[in-house]
Every structure is written in C-alpha cells, then in structure tokens.
Number of protein chains: 2
Amino acid sequence: MRNEVDPSAAIAPQIYRLLRQAIVTLEYLPGQRLSEQEIGARFGVSRQPVREAFIKLSEAGLVRILPQRGTFVVRISMRDVANARFVREAVEVAVATTACSVAPPEALDRLNELIALQREAAANDDQRLFLRYDEAFHRTLAEAVECASAWPFIEDVKAQMDRVRYLSLPAASPMSRLIDQHAEIVRAIAQRDARRAGDAMRLHLREILNSLPRLAAAHPDLFEDDELPAHAREAANATSGRDVAPA
Amino acid sequence: MRNEVDPSAAIAPQIYRLLRQAIVTLEYLPGQRLSEQEIGARFGVSRQPVREAFIKLSEAGLVRILPQRGTFVVRISMRDVANARFVREAVEVAVATTACSVAPPEALDRLNELIALQREAAANDDQRLFLRYDEAFHRTLAEAVECASAWPFIEDVKAQMDRVRYLSLPAASPMSRLIDQHAEIVRAIAQRDARRAGDAMRLHLREILNSLPRLAAAHPDLFEDDELPAHAREAANATSGRDVAPA
DNA sequence: CTCGCTTAACTGGTATGGTAGTATGGTTAT
DNA sequence: ATAACCATACTACCATACCAGTTAAGCGAG
C-alpha cells in the first residue's frame, strides 16, 4: 500500500481504494484500529478525505466507526459474508439467465477471451492476476445485459467475500475448477439455456460456502463468533452432494 | 422538509434523509441545483455534513456532483430505474423463495398484520401511509430470512424507483391490487410453495414497468431522454398478458 | 495494595478558511 | 453588431481549527 496519491485527482476515492485493498488482502487485520490522523499523515493528505473514505468503508461493512472512540477493521462475520453472498447470487443468477435472452455475441467473445486469460494466469500459478480476471469476467457479464449501473452494487457486496477469498488463497478452490465453471456459464448462455446458465452461476457462487466454515475454525482470531444464517446452510446443503471431489 | 435537525445526533445522516425524501417526493425537481451553502444555512449547520449527504445522494444516483460547478438533482432515467428494478427483483424474489424454507411462523403473522394495516390505509385513501407500510412489508420479509444486513442495499436501490412511485401517486396502480399481491406472496410462503412465492413477488415488482413509459411520455421535463434496457422490455412483455384488467 | 476520582490525551464530528477551477456577464476590439 | 476576452462570483474539494465525548493513566484516599 505504498502507492502515492495523485493530488490532481479527487483524493477521497483514492484513499478508499487503497484502504479497501489493504483490508481485503488482510494487510490490515480485523480488530486493528485505523487512525484518520495516521493515515492522512502517511499519504500526505488531511483528515477530511480520509474520513470520507472511512465512511464508505463502513457502508461496505469493512470497518466500524465508533464516534469519539475510533474506527476499527471489523472481524470477518460468517453471517455478513453469507448475506453478501446471498445478494450476489440473487443478482448474478438473474444476470446469467437474462443474458441468455439479451446478451450480444460480442459479449460472449469477450467472456471467452477472459476465460483464456484466466487459464493463462492459472498456468503461471498467478493467483492475484486470476482474481483480477475473475472480477472482470463477472463485471463484463453484468455489462452484457445492460446492467452496468448495477455493478457498483455487486462490487460493494463483494467486499465481504473478497476478504475470505484472499484468506483462502493458499488453499483455495483450485483455479481450474473455477475456470471450468466460468466456461460452463458461457456455454449455457451461448446455447440460450437460461435454466442451465442460472444453475451454473449458482453453483459457482456457492463455492465459497465450502471453505467458509473451515476457514472460520482455522482462524478464530480473524472471525466474529457467529454462525451461518439458515439460508446459507440451505444453500450449502443443496450443493454439497454435487461437487465432492472424485474419489 | 421543514423538520429541524437534532444537533445531539450525527447531522450528516439526518441531512441525507431529509434531502432524499425531498428529492423522492419531487419537492426538489430534476435539474434543480443544490447548494451546500444554502442547505446548510437553512438547517443551521455547516457545509461539511451537507457535503457528506451530497456524496451519499450521488451514490444512490439521485444527484450528480460536478466538481467546481455544482450539484444537481438528476432527471429520472428509465434505464436507471429499470436497472434498479432488475436488482431489486433478483434479490427480493430470492428472499421470497428462501422464506418458504426458513421463515418462522411469527414472521408470517407480522406480514399479515402489515397487510391489514395496508388495507386500513387504503380504506382511508391515505397513499403516503400505504407507502410506509409497503416498505415495512418488504423489509420485514427480508428480515424473516435473516437477511437484515441485505436490506440497506435494497433500500439504496429503491430510491430510483420511489421517485417514480411518488410521481405516479395520483393515478398509481390501485392500492387494493398491490395489497392483493402482498397477500398472495404471504399465502405462497405459508404453503411453502417456493416457485409460487417467487412468481408472485416477481409479478408484484414488475408493476412499475406498466406505468413507467407512460409517465416518461407525460413528463418529458422530469425524465432523461433514454430508453428501457433490453432486460426491462423482456420483463414487461413477460407480464403484459397476465395482468390486464378483466373486461 | 486497592479502589475511586480527576485529568490529560486521544477520538470522530462539525465549523471555517483557503484554493483551484468553472460559468457568467460586462467590456472592448474588430 | 458581433465576437473575443477578462473580471467576478460562484462551485466543490481539501486543509485547518474547534468542540464534545470517550478512554486510560496517574494520583490520592482509605
């Protein structure tokens, strides 16, 4: 997070991006206190833009602002992650099924391009790059159904999940598996099979539920002491039989 | 919007609420300029909390901040309204179907209570009160599936649609029809019929598509000069045959 | 040594001042 | 008369100052 800010552009959004990245990549750990003063000094800006960044972070659920006490990185909450996942699944499944009706062929080409780039990143074992292409894939799909203005909402929701993904990087769901799921989604859309496209997206976005409880148990210091809500247990059960590794 | 602010609580969120309400109810018209100075003076607060309110309004898509130029209420965009509606339908249909599995009986009681209150408001022809209970109905349903933390996202998305609803108040979809739809949703959930609950919610949330193009044509000064995205035309077509008034 | 109170050093929230950039209206040159 | 220009009066954004409330440490009494 040593990037300098560009004083010719608006500062507050830059600070927000940098802090969000630092929190999501666990450079800032849960429980850590963030000081407006200190962050401002580090980047050579005043407290005001830092404060505005804090407000956005709190709306994304990454920090908790306690007036007159301090601003703290929140611990990862299985409940919040599951709820974010629920919203994201709802929206992106709708995007995938709608894409079957309205996505132009060029969009499918772009998606296949991104899948090829993902395979390349996987071949080089570059997980960071893979995550970038993964995000681009989902954003491109949203744009394909003319829902570009809906993507910012997904992006806000995603923050909760991204922190878990970075935490699971060393032993994440293998990239090849996720890429195959992407390919299946695009295939279903190309064949205009709405049900299959939705199911494929649903399965894809439920991957995180496989690792979440295990990660929470392995890192009790990083997690809030809460449980999965009922809808997440439902969702996990619905897919648990389908995606076990072959013996 | 003559309410005074409570200086003992945080001011910025109060200003946001007041301005949002004023914009949604068309007290502030599209194109109108909002001045930090003037708003601050009116409520007896400084420019800073007003500025923070402006930022939130711009994230909700209700105003557009042009640096060094001014902040303006945006015209209603059919594209933005339709995209907001798309996201909301996706999330709330998922909420309704999930409710069939996990909603506790008490939640259904509360929903039926709210429906009764809506009927009462309709009997008194109190549209404002009806809209409040309508919002409470949807929020309560979200809480019933332990998605309370997902509601703020729906709320943000809803802002775009709310302005259209207030615009259509004089000749809106009759309240009784909307209430019947609410009742059907609760009945389907009570019978644990997920498909029917989802369909009922979908139909309910597509009501706005019936009036949107007509309103845009009737109020060209309030609307951006754009068109419905493809997914909205799809959605409108899918329901147009089902809900025509009986002959 | 322990408990309770005072006080000083923080915090976030608000107010105010300064700066750079944009629209506008009046003025001047053509 | 018209078009180009410049001064002025805005704007949003950032920096700085101030305030109220919380925390924690230090001191004194028991």
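Each chain gets a letter, A, B and so on, in the order the sequences are listed, and its residues count up from 1. Just so you know, these numbers use all the heavy atoms, side chains as well, and skip hydrogens, waters and symmetry mates. None of the values given here were measured: they were computed from a predicted structure.
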Rounded to whole Å, please give me the gap between CD in A/Glu36 and P in D/dC14.
14 Å
What integer distance in Å separates B/Phe72:CZ from D/dC10:P?
14 Å
Any donor-acceptor N/O pair, A/Gln14 side chain to A/Asp6 backbone, under 3.5 Å:
yes
Closest to side chain of B/Thr71, choosing from D/dA15, D/dA12, C/dT14:
D/dA12
Between D/dC14 atom P and A/Phe43 atom CZ, what is the distance in whole Å?
15 Å
Does any non-hydrogen side-chain atom of A/Phe223 lie less than 4.5 Å from one of A/Leu212?
yes
When you measure from the side-chain N and O atoms of A/Ser46 to the phosphate of D/dA15, is any distance below 4.0 Å, counting only OP1 and OP2?
yes
Quick one: B/Ile11 CD1 to C/dG12 C1', roughly how many Å, whole number?
13 Å
Touch check for A/Leu34, heavy atoms < 4.0 angstrom, all strands: base, sugar-phosphate only, or nothing?
sugar-phosphate
Output the rounded distance in Å from CZ (A/Arg51) to P (D/dC13).
15 Å
Taking only the side-chain heavy atoms of A/Glu52 (C-beta and beyond), determine which of D/dT11, C/dT11, D/dC14 contains the nearest atom.
D/dC14
Closest to the B/Gln48 side chain, choosing from D/dA15, C/dG12, D/dA12:
D/dA15
Start at the 5' end of DNA chain C and walk down; is the nucleotide closest to A/Ser35 or to B/Gln68 reached first?
A/Ser35
To the nearest angstrom, the CZ-P distance between A/Phe54 and C/dG13 comes to 10 Å
Rounding to a whole Å, what distance do you find between B/Ile65:CD1 and C/dG21:P?
19 Å
For the pair B/His138 and B/Lys158, evaluate side-chain contact (heavy atoms from CB on, under 4.5 Å) and give the outcome as yes or no after the intermediate values.
CA-CA 11 Å; B/His138 288 275; B/Lys158 238 168 66 64; over 6 Å; no
What is the distance, to the nearest angstrom, from the CG atom on A/Leu66 to the C1' atom on D/dA20?
16 Å
Treating B/Gln160 as the side-chain partner and B/Gly61 as the backbone partner, does any N or O pair qualify as donor plus acceptor under 3.5 Å?
yes
Measuring to OP1 and OP2 of C/dT11, would you say a side-chain N or O of A/Arg69 lies under 4.0 angstrom away?
no
Please determine if A/Glu52 and B/Arg51 form a salt bridge, counting it only when a charged side-chain N lies under 4.0 Å from a carboxylate O.
yes
Does D/dT11 have OP1 or OP2 sitting under 4.0 Å from an N or O in the side chain of B/Arg47?
no
